[in-house]
Amino acid sequence: TKVDQGGSVECRNTAVFGFRCVLFARASILEAWTRAKGEVTPEQWLWAQLHPFLLVRGRDIFNDLALALYQGCGELPPTLPPSYVSHYVCIDEAQQLLSTLPTTFQSTVRSSARSLLSPVLQAVDLSTSKRAILAGTSFSMLGAIKTTESQVAAGMGIVLLFSDTPALDP
């Protein structure tokens, strides 16, 4: 659909809800795993998120649950489960969110267009203890500073990590 100069509120709300489904899926899986196992170390949690097909053979349970929530859930609870709400939300390759759909999402405070990073930060703000680590490569991450200084990000504990080191070729 065509989006006007200021972006679309409907697109923004859909993106916020979608990313909240991603956060809730991860929180729910961590909570269930912790209940079943007793304790999940940070290393185990990172491994599970990096290699979900190994956690449950042949399935990406994070994606499956997020999609099920998105398709079948009208509303989500206001915040993530208490055991997860204090975690940092780490977003790697955050510079990609700056160039993805750059004028699709309306600002929360004025009629101006924002990139996908803005509704992602709004979802973090609505669902967690408002702490995020944005990591990325190259000076394009400097563009994230403008977004993190916006109204949505005001008051969030955002850490920006970026490097000008080029990515390694496989």
Side-chain angles (χ1 to χ4, degrees), residues 12-98 100 108 115-138 141 144-145 147-170:
R12 181 184 194 85
N13 292 341
T14 300
V16 169
F17 180 73
F19 194 70
R20 289 188 74 220
C21 289
V22 169
L23 292 173
F24 272 85
R26 290 178 185 277
S28 298
I29 290 166
L30 177 60
E31 193 169 88
W33 192 11
T34 301
R35 265 196 313 266
K37 188 172 170 23
E39 180 185 351
V40 177
T41 67
E43 293 82 8
Q44 290 169 322
W45 181 234
L46 177 61
W47 175 84
Q49 292 177 89
L50 291 173
H51 305 289
F53 294 102
L54 298 176
L55 187 62
V56 176
R57 283 193 189 139
R59 304 279 319 241
D60 182 342
I61 59 171
F62 298 108
N63 186 54
D64 291 350
L65 183 54
L67 185 59
L69 287 170
Y70 184 81
Q71 291 176 335
C73 183
E75 285 188 37
L76 294 170
T79 60
L80 295 172
S83 60
Y84 198 84
V85 86
S86 63
H87 286 65
Y88 275 90
V89 174
C90 301
I91 301 169
D92 196 12
E93 299 299 329
Q95 76 277 5
Q96 297 297 321
L97 296 175
L98 292 168
T100 301
T108 56
S115 71
L116 186 56
L117 180 58
S118 184
V120 165
L121 289 178
Q122 184 180 2
V124 171
D125 180 47
L126 290 171
S127 305
T128 71
S129 60
K130 304 173 182 13
R131 301 188 306 175
I133 296 174
L134 304 179
T137 306
S138 85
M141 273 298 291
I145 293 171
T147 301
T148 60
E149 291 172 346
S150 72
Q151 287 291 85
V152 168
M156 291 179 67
I158 295 176
V159 178
L160 293 173
L161 301 174
F162 59 94
S163 166
D164 196 28
T165 306
L168 298 175
D169 288 328

Exercise for the section: Spell out, as yes or no, whether a donor-acceptor pair under 3.5 Å connects the side chain of Q49 to the backbone of W45. Expected result: yes
Exercise for the section: Might you point out which heavy atoms bring Q122 and R12 nearest each other, and give the distance in Å? Expected result: OE1-NE, 2.7 Å
Problem - Side-chain heavy atoms of W47 within contact of V40, under 4.5 Å - result: no
Handout entry: Over all atoms of both residues, closest heavy-atom pair of D60 and F53
Key = N-CE2, 3.7 Å
Exercise for the section: Could you tell me whether the side chain of V124 reaches within less than 4.5 Å of the side chain of F19, counting heavy atoms only? Expected result: yes
Problem - Which residues share a side-chain hydrogen bond (donor to acceptor under 3.5 Å, both in side chains) with D64, sequence neighbours left out - result: R59
Handout entry: Minimal non-hydrogen separation, Q44 against W33, with atom names
Key = O-CH2, 3.6 Å
Exercise for the section: May I ask you to test the S28-L65 pair for a side-chain heavy-atom distance under 4.5 Å? Expected result: yes
Problem - Partners passing salt bridge (charged side-chain N to carboxylate O under 4.0 Å, His left out) against R57 (at least two apart in sequence or in another chain) - result: none
Exercise for the section: Specify the closest pair of heavy atoms between A25 and A66, including all atoms of both residues, with the distance to one decimal. Expected result: CB-N, 3.5 Å
Problem - Pair F17-L69, side chain to side chain contact (heavy atoms under 4.5 Å, CB included): steps then yes or no - result: CA-CA 10 Å; F17 180 73; L69 287 170; over 6 Å; no
